[in-house]
Each structure stands twice: as structure tokens, then as C-alpha cells.
Amino acid sequence: MTQRPRTLGVAVIGTGRMGADHVRRIQEVTSGARVTAVVDVDAERAKSVAARVDGCTVHTDPAAAMASADVDAVIVASPGPAHEAALLAAFEHDLPVLCEKPLTPDAASALRVLEAEQKLGRRRVQVGFMRRYDAEYMKLKSLLETGQLGRPLMLHNRHRNVASPPGWTSEMLINDSVTHEMDVTRWLLGHEITAVTVLAPTPSANAPDGIRDPQFVVFETDGGAIVDVEIYVNCGFGYQVQAEVVCERGTARVGDGHAMVTNAAGRWGGIIAQDYIERFADAYDREVQAWVDATRRDEVTGPSAWDGYAVAAVCEAAVRALEEGGRMRVELVDRPALYA
């Protein structure tokens, strides 16, 4: 195995909000790495981000950046449809990748990535399901692993955004938001999701025309658990992510956001985060640091390409359930030994 350098040179592909935040994170928060290249089809946007980093080169072609001698690893933060090509290019250069979700937008392309990585004979991809690095979710995972509460029976999730971005569709509530609960379900419970049902009330008056918001999504798992997700992306008041596991001998809940409660002037209350970057800032920091540390050891840890593929398959079943109604089964290929 190749011994990675003392300071990891990272190319960040995509310089939108997430990519630019990763550039800042690596330069200001993460130890053991520096940004050596940025890539974006919008050259001017890429130049604006690169201008904040000494010695950072600008590219419009991901493959060109990956061929640079000072690039040792890649963060993919471009739109989902561009991920497959970037990942396959990284495989050609044998570069480790932190790929923001989705791995790819559909199960077929995710399966192609899975198969290409298997040909390498070792993992190269960590998928950016950052909730696995959130302090509260990590505590919940540790508690469940002790078995103190008994077998998980149900998992209740709430996922609320202030407002949906321009151009959002009903399907994007599933593909861009509930995708996190899909991964959290699989990770917390250690189960695969086998079936999905999606219910939707009359849309909220807050929802843009044509968007079915909120939605109520139900998963069935191969471990016999039932999971529900309330997804409401135009709630208007804040960003909330909460989860409660109901087990045989007790329950556990995270995400109440009560780190500090104030009492003043005859009122009590706290602060509700307004977006995902604010709520999960620490989780993103831990995720990227863990990826850098593992890469410098020439290892790949965290959510795998299999996790990305499994979530893509659940997304497809959920979109069918939304569009056609009823319960949809999730079809997965057999899990390869590389991801056992």
C-alpha cells in the first residue's frame, strides 16, 4: 500500500455552498490536510474560492485536477449527476474519495460504481452521511449497541427545514432529505430496509405550488422494525432533526436541541438552528477529520459505496411509492464481500 504524505493534498470538486464550506473546513479546522486544487464548471466561482487558499490551482475538469502531482485525495461536492464520472476518474488514479451524498442519483449508476470499486480490490470511497459523526447520534448508536434497551422495535424521525430551495420537487424531499434517515436507519439498527410506503396529507399552505409537503414515509426492515419519517421542508420556523428509538425495555431520543434553555422576562426558550450546516457543523468537522486521518493511514472507513448504493435503491422504491401509492419493496443485489 502507498504511504500517504504527512500533509494530504486534497482536490475539492464542486465549489457551491457545500464544496466551499469543505475548502474552508480543511484550511481552518482540519489537521493533516490542505486544499491543493478546486474544480468547478463555473471557472469564475472556482477562482473566487481558490483565491482564499495559497497555492491552490483551479480546474474545470476533475480528471485534470486528479492528475496533478500535489493531489492525494478528493472530495466530491458537485451535483449528484456528476458523481459517477468523478468517482470513476478517481479510481483510475487510485485516489481515496469523500463523496457527498448521493453516491449517485440512482441505483443502476451506484451499482456501476460499486462494481468498479470491487475491481480495485479495496475500498476507495467514503460517502458523506455526516449524521454518523454527530455527537448525539453517536451516543444513541453506542447505547443501542450495549443492548441495555433490548431489541429496537420502532424508530421515529422528524426532519424539518425552514423552506425548500428554488426548483425543488416532491421527489426531492425523498432523494435529498429523507436519504439521511435511510442511512441513519440502516446504521443505527444494523438492518436493511426492505419496503417503503409514502403518505402525504393535503400540502401545507407554506409549500410552493406543486410540491407535496409534508410527507410521511414508513420503512420496514429485515430486522422486523418499523421506521417512520416526517419530512417537512417548508415548516417556516427552523431546521430540526430528531430521532427516537423505541426498544423492548426503554426508549432513547436525540435532537431536542436543548443544549441551553433561557428563562427571562416571563418567558423560557432556546434557539432553533436555521439550516443543516449550522445544526451539523461539528458532525461535518468530525467526518472530514476522520476521513483525512484514515486516508493518511492508507485506509478507508465510514459509510461505504455499499451504503450509498443501498440508500439509492431505497430512494427509488420510495419515489415509486410516492408517485404510484402503496407499499414498494426494495430490491438489492447480494452484498459483496468487500463490504461485509
Side-chain angles (χ1 to χ4, degrees), residues 14 16-19 21 40-42 45 77-84 100-110 128-131 156-185 193 195-220 227-243 255 272-280 308 310-331:
R17 186 180 186 194
M18 180 58 70
D21 194 50
D40 202 296
V41 293
D42 185 337
R45 182 168 65 182
S78 52
H83 286 188
E84 181 180 4
E100 281 298 339
K101 63 88 182 168
L103 177 68
T104 65
D106 59 81
S109 57
F129 291 122
M130 82 294 178
R131 287 196 199 169
H156 306 299
N157 300 278
R158 290 186 292 276
H159 186 161
R160 298 168 180 152
N161 295 63
V162 177
S164 58
W168 262 51
T169 65
S170 298
E171 293 74 20
M172 292 176 76
L173 272 71
I174 293 169
N175 291 330
D176 288 74
S177 293
V178 181
T179 180
H180 283 292
E181 279 75 24
M182 295 171 186
D183 182 67
V184 159
T185 293
I193 298 170
V196 189
T197 303
V198 180
L199 305 171
T202 300
S204 164
N206 298 331
D209 289 344
I211 295 185
R212 300 173 69 181
D213 179 40
Q215 296 174 19
F216 191 78
V217 185
V218 180
F219 305 143
E220 301 169 43
V227 180
D228 63 78
V229 184
E230 173 211 308
I231 178 66
Y232 187 11
V233 298
N234 290 279
C235 76
F237 60 82
Y239 180 83
Q240 291 182 321
V241 169
Q242 300 162 320
I272 300 175
Q274 292 298 293
D275 62 26
Y276 65 95
I277 288 182
E278 179 185 354
R279 165 62 179 85
F280 287 110
V311 167
V314 178
C315 280
E316 289 191 351
V319 169
R320 290 199 307 272
L322 174 67
E323 293 175 343
E324 302 174 22
R327 173 181 178 272
M328 297 293 171
R329 289 200 57 80
V330 177
E331 303 294 338

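Residue numbers start at 1 and run along the sequence shown.
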Check Arg320 against Arg329 and note the closest heavy-atom contact, atom names and distance. NH2-O, 3.4 Å
Tell me if a side-chain donor or acceptor on Lys101 pairs with a main-chain N or O of Gly80 at a distance below 3.5 Å. no
So Ser164 and Asn234, side-chain hydrogen bond (donor to acceptor under 3.5 Å, both in side chains) or not? Walk me through it. CA-CA 6 Å; Ser164 58; Asn234 290 279; 3.2 Å; yes
Does any N or O in the side chain of Glu316 come within less than 3.5 Å of the main-chain N or O of Ala107, such that one atom is a donor and the other an acceptor? yes
Of the non-hydrogen atoms in Ala317 and Val196, which two are nearest, and what is the gap between them? CB-CG2, 4.3 Å
Distance-minimising heavy-atom pair for Ala110 and Ala312: CB-CB, 4.3 Å
Measure the CG-CZ distance between Asn161 and Arg279 for me, rounded to the nearest 0.5 Å. 12.5 Å
Taking the side chain as C-beta and beyond, is there a heavy-atom pair between Val184 and Phe129 under 4.5 Å? no
With Val241 as partner, the option from Arg160, Arg158, Arg131 fulfilling side-chain contact (heavy atoms from CB on, under 4.5 Å) is Arg131
Distance (rounded to the nearest 0.5 Å) between Thr179 OG1 and His159 NE2: 10.0 Å
Which value, rounded to the nearest 0.5 Å, describes the distance between Glu220 atom CD and Met328 atom CE? 12.5 Å
Closest heavy-atom pair, Leu322 versus Ser170, reported as atoms and distance to 0.1 Å, is CD2-O, 3.8 Å
Report yes if some heavy atom in the side chain of Val178 is under 4.5 Å from a heavy atom in the side chain of Phe219; otherwise report no. yes
What is the distance from atom CG of Asp228 to atom OG1 of Thr185, rounded to the nearest 0.5 Å? 9.5 Å
Distance-minimising heavy-atom pair for Asp42 and Asp40: N-OD1, 2.8 Å
Testing the basics here: between Cys315 and Asn175, what is the closest heavy-atom pair and its distance to 0.1 Å? CB-OD1, 3.3 Å
Short question: side chain of His83, backbone of Ser78 - any donor-acceptor pair under 3.5 Å? yes
Going from OG1 on Thr169 to CZ on Arg212, what distance comes out if it is rounded to the nearest 0.5 angstrom? 11.5 Å
Between atom CG of Asp213 and atom OG of Ser177, what is the distance when rounded to the nearest 0.5 Å? 9.0 Å
